[in-house]
Amino acid sequence: MAAATSASISSSLYVSKTLKPTSPQTNLGFISKSSKTLKPLFSKISRTNLSSNGSGAVVRAQMVSVPATKPTICLDFETSVFNKEKVTLAGHDEFIVRGGRDLFHLLPDAFKGIKQIGVIGWGSQGPAQAQNLRDSLAEAKSDIVVKIGLRKGSSSFAEARASGFSEENGTLGDIWQTISGSDLVLLLISDAAQADNYERIFSHMKPNSILGLSHGFLLGHLQSAGLDFPKNISVIAVCPKGMGPSVRRLYVQGKEINGAGINASFAVHQDVDGRATDVALGWSVALGSPFTFATTLEQEYKSDIFGERGILLGAVHGVVESLFRRYTENGMPEDAAYKNTVESITGIISRTISTKVDSLYSSLFFLCLAPLFLSLSLTHMLSWFFYPTGYASSIQLFVRGW
């Protein structure tokens, strides 16, 4: 995120006291390449044309040894509803909230002042989050309404009805009416749809209502355009660390095994009246998250781009292809080259995860940084040809973050 919560809110707003950095120097965002801390890492980036075959441009990055750095300091937060715990990971402290169905009775206190939760969208997260919230609030004997908002003519109306939502009981309706009538709006539509519709979404939200996100892309999109969220709403995030079907499946399993579920991070980007942290934690607990930990909205979208766009879609593919080509060019049969390539990628990691989780946690960032940096450079150059929206926009936001 561009800054901690209080820094992202204008001085005319209520400055949140519930979510704060443990150190005034904390910055959870990626450090730019102009930073003195990482400047030695980016010693040389040059673009040179191939002179002989005219096949285009090649990006060349020369990496040097990484300076010793201190672990990132996490965010502390205050809650008047849930119990906060301190855990130590890789030598530094983090603060969490444990979930569980035995906490559902606290949800009315966490959602104080909220009469309707609008769940916008019926994609991956929408069905799971809407059903989990509805079931958790029912178990807590709360009269808060969970209403699905969809665009007119959407084929998802039938699926929502099959899951127990309907126009007749006021739990299913038009997207814009749902946003206008909700005190907490969970925007679970695609990144591209958020980018296309955010102005209209903001204009339909009630003053002092709360915008909930499960991905920080919208913040990155606004930042790239020099914009920000409206100053009369709170902005929070709860980001389950799994796909929607898993969020629902493990929640249902949790009815038999208390504590089963998908962990989630939460963020308070903007807090206009001091309720945001407890609402975010209540949202996460209601989803069935066994553990909820603090992040920031900017850190969420940058880490997502780092992990998914950079590592999974870029670096891993590039490393596998390079290893296989190296083995076969040196005379190794293709089946043996395949086995060696797979072992190089998974073997060491599997053994480390099984025995040395803490050391893996603290050292993984710089282990991945070198292949990621070159991969992102190449992916950024090629993405505009293959991904006119979505991935290209995400990669561009990440590169700008450096």
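We number each residue from 1, following the sequence as shown.
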Do Lys231 and Asp228 make a side-chain contact, defined as non-hydrogen atoms from C-beta onward lying under 4.5 Å apart? yes

Under a 4.0 Å N-O cut-off, is there an ion pair linking Arg101 with Asp135? no

Pairing donors with acceptors under 3.5 angstrom, does anything connect the side chains of His221 and Gln194? no

4.5 Å side-chain heavy-atom contact, Ser344 and Tyr327: yes

Do you see a donor-acceptor pair shorter than 3.5 Å between the side chains of Asp183 and Ser209? no

Within-4.5 Å side-chain heavy-atom neighbours: Leu323 and Asn340: no

Spacing of OG belonging to Ser142 relative to NZ belonging to Lys115, to within rounding of 0.5 Å: 12.0 Å

With a 4.0 Å cut-off, would you call Glu85 and Arg98 a salt bridge? yes

For residues Ser289 and Asn263, is any side-chain donor paired with an opposing acceptor at under 3.5 Å? no

To the nearest 0.5 angstrom, please state how far the OG atom of Ser180 sits from the CD1 atom of Ile175. 10.5 Å

At their closest point, which heavy atom of Lys241 faces which heavy atom of Phe293, and how far apart are they? CE-CZ, 3.9 Å

Side-chain heavy-atom pair Ile236, Phe266 within 4.5 angstrom cut-off: no

In terms of side-chain geometry, is the basic nitrogen of Glu167 or Arg161 positioned less than 4.0 Å from the acidic oxygen of its partner? yes

Would you mind reporting whether Arg275 and Ile114 have side-chain heavy atoms less than 4.5 Å apart? yes

Tell me yes or no: between the side chains of Gln129 and Tyr251, is some donor less than 3.5 Å from an acceptor? no

Is a salt bridge present between Lys339 and Glu343, judged by a nitrogen-to-oxygen distance below 4.0 Å? no

Quick one: CG on Leu186 to OG on Ser214, what's the gap to the nearest 0.5 Å? 7.0 Å

Can you give me the closest heavy-atom contact between Val185 and Ser182, atom names plus distance? CG2-CB, 3.9 Å

Where is the tightest heavy-atom contact between Ala130 and Ile148, given as atom of each residue plus distance? CB-CD1, 3.3 Å

Taking all atoms of both residues into account, what is the closest heavy-atom pair of Val279 and Phe111, and its distance? O-CE2, 3.5 Å

Closest non-hydrogen atom pair between Pro230 and Gln270, with its separation: O-NE2, 2.6 Å

Glu300 side chain vs Gly216 backbone, donor-acceptor pair below 3.5 Å: yes

Do you know which of Val285, Thr277, Thr292 makes side chain to side chain contact (heavy atoms under 4.5 Å, CB included) with Phe82? Val285

